[in-house]
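Structure record follows, encoded as structure tokens.
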Protein chains: 2
Amino acid sequence: MRKTATLADIAASVGVTPMTVSRVVNESGYVHADTRQKVLRVMQEMNYRRNGLARGLKRQRTETIGLVVGDVANPFAAEVIRGVREVLTARGYTMFVCVSDQSVKEEAEAFESLADHRVDGMIVATRASRKGNAHLMTLLDANLPVVALGRDFNHPHTDFVSADHFKGGCDATEHLIELGHRRIGFIGIKQSYGAGLKRFQGYLETLRKHGIKVNEDIIVGRRKGTDQAPGYSTEEIGYEGMKYLLGLRKPPSAVFARNDFTALGAISAIKQIGRRVPQDVAIVGFDDVPLASHTSPPLTTVFQPTHEQGRIAAEFLLRRIEAVQNLPRAERVLPCKLIIRESTVSGTEST
Amino acid sequence: MRKTATLADIAASVGVTPMTVSRVVNESGYVHADTRQKVLRVMQEMNYRRNGLARGLKRQRTETIGLVVGDVANPFAAEVIRGVREVLTARGYTMFVCVSDQSVKEEAEAFESLADHRVDGMIVATRASRKGNAHLMTLLDANLPVVALGRDFNHPHTDFVSADHFKGGCDATEHLIELGHRRIGFIGIKQSYGAGLKRFQGYLETLRKHGIKVNEDIIVGRRKGTDQAPGYSTEEIGYEGMKYLLGLRKPPSAVFARNDFTALGAISAIKQIGRRVPQDVAIVGFDDVPLASHTSPPLTTVFQPTHEQGRIAAEFLLRRIEAVQNLPRAERVLPCKLIIRESTVSGTEST
DNA sequence: CTGTTAGCGCTTTCAT
DNA sequence: ATGAAAGCGCTAACAG
């Protein structure tokens, strides 16, 4: 079973050589109009499908690229995928997405699979890790073009695209301080794990800058550290985290949440015990997911240009793939933007 | 540039034939321990990566499968992906995800790419369409194993997995009727487009069953029909749709939203004008996204076993791939479950 | 335990 | 405008 017609089959049936059929398939070189017609007809009849394996093997490129993401359930990943895809399909490339489920092991397997199947390049948008980076390094030895998106990876022959999460974190915190808050909590990561989380570092840095002592008691991550590398922070974490903060003797008057979902969970927790946002607790999120402007109260958050990051990553990658020489590293850090809504500044309406 | 070591390179360097190196790489056949060590060392040194194209070409299978989804921004897709992946990786297969962005054209390109690159099978979880189905048919002629997930596709050599959306839609509507509602709106699709949307058909059917006349005025889709095949319905559509319904002379007393995001948007709209859920308008969603239990009020919705659908689809596919004969069609429709929360029945708390 | 042969399906290069 | 030859990198099948 599973017998697919090959160029040779078509050729035999038409009475030409495989080379002629190849010319028809690829629309390259001269083929007599009559021959072409005959070939096309037989191709149709035999339901010909070209063999990308053989083709790629011979041509030494597949016109495919791999995109590795840690997770797919959040708007960030979805928008990155769309951005990358737009650019790639326009240029005739096919994108294969691999999902690592935030596991370093699965991430490594994705790298290997993609490399084995000879994608022409790879965009890596997983969370950075020591082991993951080491793996990437070995692939680079094989001269595979790679672009890192929204994650650290330093290599002279790798491009880098990200939003300025650090600055975004600063702006969000600055905003709360300007509103008079001094006791500002953070939900989404424990301090000991936060070294790689730029937006959290921005929070810490801004507090310090204003002479506000960092208070570990009001920095909360997920309850139990079940997995080593915390993935995307959820509304559940926001809800639980806020519950905890509200139970303290002196709860914070404002909270910066790691992302919008976490922020929404926090708002739920606040409203559930009959407190008000922002009067009792002000909340800032991060990402500006579509939902953020439709919640009550609408969420103050930091917008990051996700789609654009995807597009630029794809462009960087194609440039690198199509380059004759090994290109020097390109870096691009896009600005974030604080969007002030009613979860920090009470406006016309508030629940 | 981009010169990767081949089996032949390793073999030459060690002083054996490529076949011996192949045996080491694949851990097949006998190789002397010393030889193996030497080969392994050189492989490491030369950073060997096997060529999946050559391998697949020779072996006539790639141990990869393709998963085509329309969209990736919603929890449904994310969970399907996780379910499929779990089963596949456990069995040594690699999964490549292609995203069609709800476009029939992109979907067709995904099919072709995957078929060209000789995936061993395909799981199709896009929205069904006439053209899309026709395309799938041609692939089946090439004997490519295919499983349809959550979308119609009738073919004797294709498996089918879905949740019982129709029954779910009935249950949701029944619930509202039991609560005394007679004027029940629907947000998420216009009646003229709803033929393929089972949960909507369940709504219509249940109204009829109870002798409630279907009222087109309170069935709303997206404002302007920009795209022919409406994709995933968003909170924005819910918000706008509800705004419209609230502006009617006689607004519905209950609304069944196409999915949870739409439902949440609707709730926002209701609260924004100072009305209450469920006292003024009761809302039911569909899907039971994680957020649903954390909203205020918590959302009554219909749970569908998404993860399980992914797992079963993957199992069906592997069975088909590894079968010697062409298997008959397998079908599996999983039950949904109505989850009653406070957006239909006022409990202890309500905003 | 290792090697030889052949060929998977395609395209590059050179001929005609 | 078409064909012949060779080989991309790998492995199945059969020696030895």
Side-chain angles (χ1 to χ4, degrees), chain A residues 1-40 42-43 46-64 115-120 142-144, chain B residues 1-40 42-43 46-64 112 115-120 142-143:
Chain A
M1 66 182 276
R2 196 153 324 145
K3 190 74 199 79
T4 317
T6 67
L7 285 189
D9 296 335
I10 312 287
S13 170
V14 177
V16 291
T17 54
M19 199 52 232
T20 302
V21 183
S22 169
R23 289 194 177 99
V24 174
V25 172
N26 296 297
E27 299 178 344
S28 66
Y30 297 94
V31 179
H32 192 89
D34 295 352
T35 319
R36 162 175 289 114
Q37 289 314 316
K38 237 185 293 182
V39 169
L40 285 173
V42 176
M43 273 172 53
M46 303 180 81
N47 196 11
Y48 174 75
R49 205 105 281 292
R50 78 175 169 210
N51 188 323
L53 303 177
R55 187 167 210 250
L57 180 58
K58 180 68 196 177
R59 304 184 49 190
Q60 301 290 66
R61 61 205 165 78
T62 53
E63 270 148 19
T64 59
D116 284 359
H117 289 284
R118 293 300 190 267
V119 292
D120 293 338
N143 255 313
L144 182 67
Chain B
M1 67 181 273
R2 196 153 325 144
K3 190 76 199 74
T4 316
T6 68
L7 284 189
D9 296 334
I10 312 286
S13 170
V14 177
V16 291
T17 55
M19 200 52 230
T20 301
V21 183
S22 169
R23 289 192 177 101
V24 174
V25 172
N26 296 297
E27 298 178 343
S28 67
Y30 296 94
V31 179
H32 191 90
D34 295 352
T35 318
R36 162 174 289 115
Q37 289 313 317
K38 239 185 293 183
V39 169
L40 284 173
V42 175
M43 273 171 57
M46 302 180 81
N47 197 12
Y48 175 74
R49 210 105 277 292
R50 79 175 168 209
N51 189 323
L53 303 178
R55 187 166 208 251
L57 179 57
K58 177 70 195 178
R59 302 184 49 191
Q60 299 290 69
R61 61 205 165 81
T62 53
E63 269 147 20
T64 58
E112 312 237 303
D116 284 359
H117 289 284
R118 294 300 191 266
V119 292
D120 293 339
N143 254 311

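Only a predicted model underlies this, so the values are computations on that prediction, with no experimental measurement involved. Proteins get letters first, then strands, A, B, ... in listed order; numbering begins at 1 in each.
The CD1 atom of A:Ile10 sits 6.5 Å away from atom CE of A:Met43, with the distance rounded to the nearest 0.5 Å.
Applying the side chain to side chain contact (heavy atoms under 4.5 Å, CB included) criterion to A:Thr6, with sequence neighbours excluded, gives A:Ala8, A:Asp9. By the side-chain hydrogen bond (donor to acceptor under 3.5 Å, both in side chains) test, A:Arg36 is found to be paired with no residue, residues two or more places apart in sequence or in another chain being considered. Contacts of A:Asn51 classified as side chain to side chain contact (heavy atoms under 4.5 Å, CB included), with partners at least two apart in sequence or in another chain: A:Leu53, A:Ala54, B:Leu57, B:Arg118. In terms of the side-chain hydrogen bond (donor to acceptor under 3.5 Å, both in side chains) criterion, residue partners of A:Arg61 (sequence neighbours excluded) are, by chain and number, A:Glu63.
You can see that DNA chain D meets the heavy atoms of chain A within a 4.0 Å-exclusive cut from D:dA1 to D:dG9, reading 5' to 3'. First and last contacts of DNA chain C with chain B, using any nucleotide atom under 4.0 Å from a protein heavy atom and ordered 5' to 3', fall at C:dC1 to C:dG9.
For the helix from C:dC1-D:dG16 to C:dT16-D:dA1, the rotation axes defined at the first and last 5 base pairs enclose an angle of 30°, given to the nearest 10°.
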Distance-only check: which donor-acceptor pairs under 3.5 Å involve side-chain atoms of residues 17-35 of chain A, not counting sequence neighbours?
| residue | atom | partner | partner atom | Å |
| --- | --- | --- | --- | --- |
| A:Ser22 | OG | A:Asn26 | ND2 | 3.3 |
| A:Asn26 | OD1 | A:Arg55 | NH2 | 2.5 |
| A:Asn26 | ND2 | A:Ser22 | O | 3.0 |

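Within a heavy-atom distance below 4.0 Å of DNA chain C, the residues of residues 16-40 of chain A found are A:Met19, A:Ser22, A:Asn26.
In plain terms, the two heavy atoms of A:His117 and A:Thr62 that are nearest each other are O-CG2, 4.1 Å.
A 4.5 Å side-chain heavy-atom check between B:Val42 and B:Tyr48 finds every atom pair outside the cut-off.
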